[in-house]
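What follows is a short report on a single structure.
Every number for a ligand or one of its atoms is a count from 1 in the order of the listing. Keep in mind it's a predicted model, so treat the numbers as computed, not measured.
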Amino acid sequence: MVDLNRRGLVLAAGGAMAAAGIGASSWAAPVAAPSGRKLGYAIVGLGSYGLGVIIPQFKHCQNSRLVALVSGDPAKAQRVAAEYGVPERGIYNYQNYDGIRDNPDIDIVYVCLPVSMHAEYTIRAAKAGKHVLCEKPMAPSSADCEAMIAACKQAGKKLMIGYRCHFEPYNLEAIRRARVGEIGKLRYFRSEHGFTANNPSAWRLKKAMSGGGSLMDIGIYALNAARYMTGEEPNAVYATERTDRSDPRFREVEDMIEFELEFPSGVLGSCMSMYSANQNHILLMGDKGRIELEPGTGYRGNRLWVGNGRENEITPPPGPGANQWAGQLDHMAQCVLQDRQPIVPGEEGLRDIRIIEAVYQSAREKRRIALRA
Ligand code: NAD
């Protein structure tokens, strides 16, 4: 039996409820954003996500600005700093990273590194007196996640995980409609997530750097959606893995893994993750209808249908930010400014990693694994 911390359940369900505009704290009536005040972010890792996706979002933010970069490539750091107006004093490398403690411009460190580096750079940031937003998956192991949470707690700093879909309008609208009972009593959840991993030398395919294969990287969207869409925590998992180990991409990590989640209400969750085809789909079935998203967790172009099939397509109201990333960045800044707990704190990342560990154990041992609440 895998031990799950009950507190994470409350936080996760509360987060989804808040995101759905339901419950005591809600997105619909957020605490007023402190006008004009922008907190400074340092982006650690100028890779495809940190540089290609996150950095361009600051122009859409109300409470967040880019003030520092951490990169192992000095020429790239100079080029990016010049393009985005980051001052010379805001340029760091992995050796002088701890010097961020002496830079009062930096309030929040955003860790956009390979998964095996998340814990180290989160803990060093907390020790340097900075709040941390860390990318998903939180870390290769639940022990690392616990160390990250403890370090931030000890330093009195906030820790949030980069679960952008909690700020994405189509997902928020689907959660809201499920919670108000539009499809009746929820019975079944299904999600498939995958992409084609092409580069055998990529860190994602090295177990020591990624912590695992498709499940850690992309299947985590299906798992996290199962939790925020149902508003429940699974109490057991059963998983099957299919990987062609002769394929050079999959010597170290899994390709396909399928897992069932048993929820306390009787809802059955069925999730599929793969590195050998593109998939991005979420389906909720209730006794009065269905909610479907495809793609469901994309950067853009998500679509939502509510009803009995795909005849009723929904355009959701705007989310909490100009887009999911601006909403995420500003949410963290606002939590710091107002001393609030982020809706996707470290405990949310830990909960997914504990379930992922149970999914891997189930696939390995070919048996159902109960999760302790
Ligand atoms: P990437 O390989 O494109 O970038 C990784 C960065 O880390 C690069 O700048 C690289 O130079 C740097 N780095 C430092 N030390 C390294 C080392 N020893 N080995 C390899 N790289 C090293 O990866 P990415 O796609 O930007 O992913 C970074 C993080 O962002 C991961 O945690 C990933 O899961 C996450 N991510 C999240 C989303 C999302 O939608 N939330 C999307 C993509 C990636």
Side-chain angles (χ1 to χ4, degrees), residues 42-57 68-81 91-97 109-122 124 132-141 144-145 148 160-168 170-171 193-225 228 253 273 275 278 280 295-302 321 323-329 331-332 344 346 348-349 352-353 356:
I43 300 297
V44 190
L46 304 183
S48 60
Y49 198 62
L51 176 58
V53 178
I54 296 299
I55 287 180
Q57 305 305 330
L69 308 167
V70 183
S71 170
D73 179 340
K76 188 193 230 179
Q78 288 291 344
R79 196 178 68 242
V80 176
I91 300 177
Y92 296 86
N93 56 45
Y94 297 108
Q95 286 70 46
N96 65 16
Y97 172 65
V109 167
Y110 192 161
V111 179
C112 296
L113 292 167
V115 184
S116 62
M117 301 172 77
H118 288 184
E120 178 187 344
Y121 284 85
T122 293
R124 283 167 69 181
V132 182
L133 174 50
C134 177
E135 256 318 308
K136 51 52 62 182
M138 186 171 171
S141 73
D144 283 341
C145 298
M148 293 160 77
M160 171 168 153
I161 307 304
Y163 285 117
R164 59 180 169 76
C165 296
H166 291 240
F167 304 90
E168 197 282 322
Y170 287 78
N171 282 266
H193 273 75
F195 68 88
T196 308
N198 282 325
N199 177 6
S201 62
W203 64 261
R204 282 183 168 75
L205 302 178
K206 306 285 172 211
K207 182 132 193 264
M209 299 215 70
S210 58
S214 71
L215 175 56
M216 287 289 279
D217 194 36
I218 186 77
I220 193 170
Y221 286 93
L223 169 59
N224 199 249
Y228 64 71
V253 299
S273 166
Y275 260 162
N278 295 321
N280 192 314
T297 61
Y299 285 175
R300 52 192 65 81
N302 291 330
N323 60 42
Q324 55 188 316
W325 300 282
Q328 171 184 271
L329 290 163
H331 175 70
M332 179 60 169
V344 276
E348 172 78 354
D352 273 351
I353 297 298
I356 285 173

[X] to ligand 1, any heavy atom closer than 4.0 Å:
| X | result |
| --- | --- |
| Y163 | no |
| P137 | yes |
| G72 | no |
| Y221 | yes |
| R204 | yes |

Within the structure provided, determine whether H118 and M138 are in side-chain contact (heavy-atom separation under 4.5 Å).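 Result no, sub-4.5 Å side-chain heavy-atom pair not found.
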What residue and atom, counting heavy atoms only, is the protein's closest point to atom 12 (C) of ligand 1, and at what distance?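 Answer, as residue, atom name and distance: Y94 OH, 3.8 Å.
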Considering L113, I218, V115, which one's heavy-atom position lies nearest to atom 31 (C) of ligand 1?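 Shortest heavy-atom distance from atom 31 (C) of ligand 1: L113.
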Determine whether the side chains of N280 and Y221 contain a donor N or O and an acceptor N or O closer than 3.5 Å.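 No, no side-chain donor-acceptor pair sits under 3.5 Å.
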Please determine, by modelled atom types, if Q328 and Y110 share a side-chain donor-acceptor pair under 3.5 angstrom.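 Distance-only check passes for Q328 and Y110.
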Does atom NZ of K206 have more than 12 heavy-atom neighbours from other groups under 6.0 Å away?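 Yes - once you tally the heavy atoms of other residues, nucleotides and ligands closer than 6.0 Å, there are more than 12.
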Just jot down the side chain to side chain contact (heavy atoms under 4.5 Å, CB included) partners of N323, sequence neighbours excluded, or say none.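 Residues passing side chain to side chain contact (heavy atoms under 4.5 Å, CB included) with N323: Q57, H60, W325, A326.
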How long is the straight-line distance from CD1 of I353 back to CD1 of I220, given to the nearest 0.5 Å?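 Here the interatomic distance stands at 5.0 Å.
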What are the atoms of ligand 1, with element, lying closer than 4.0 Å to any heavy atom of G162?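 Those atoms are 41 (N).
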Element-labelled atoms of ligand 1 that are located less than 4.0 Å from some non-hydrogen atom of D217: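 Taking each heavy atom of D217 in turn, ligand 1 has 34 (O) under 4.0 Å.
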Does NZ or CZ of R124 fall inside the cone over Y121's six-membered ring, less than 6.0 Å from its centre and within 45° of the axis?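 Cation-pi check for R124 and Y121: passes.
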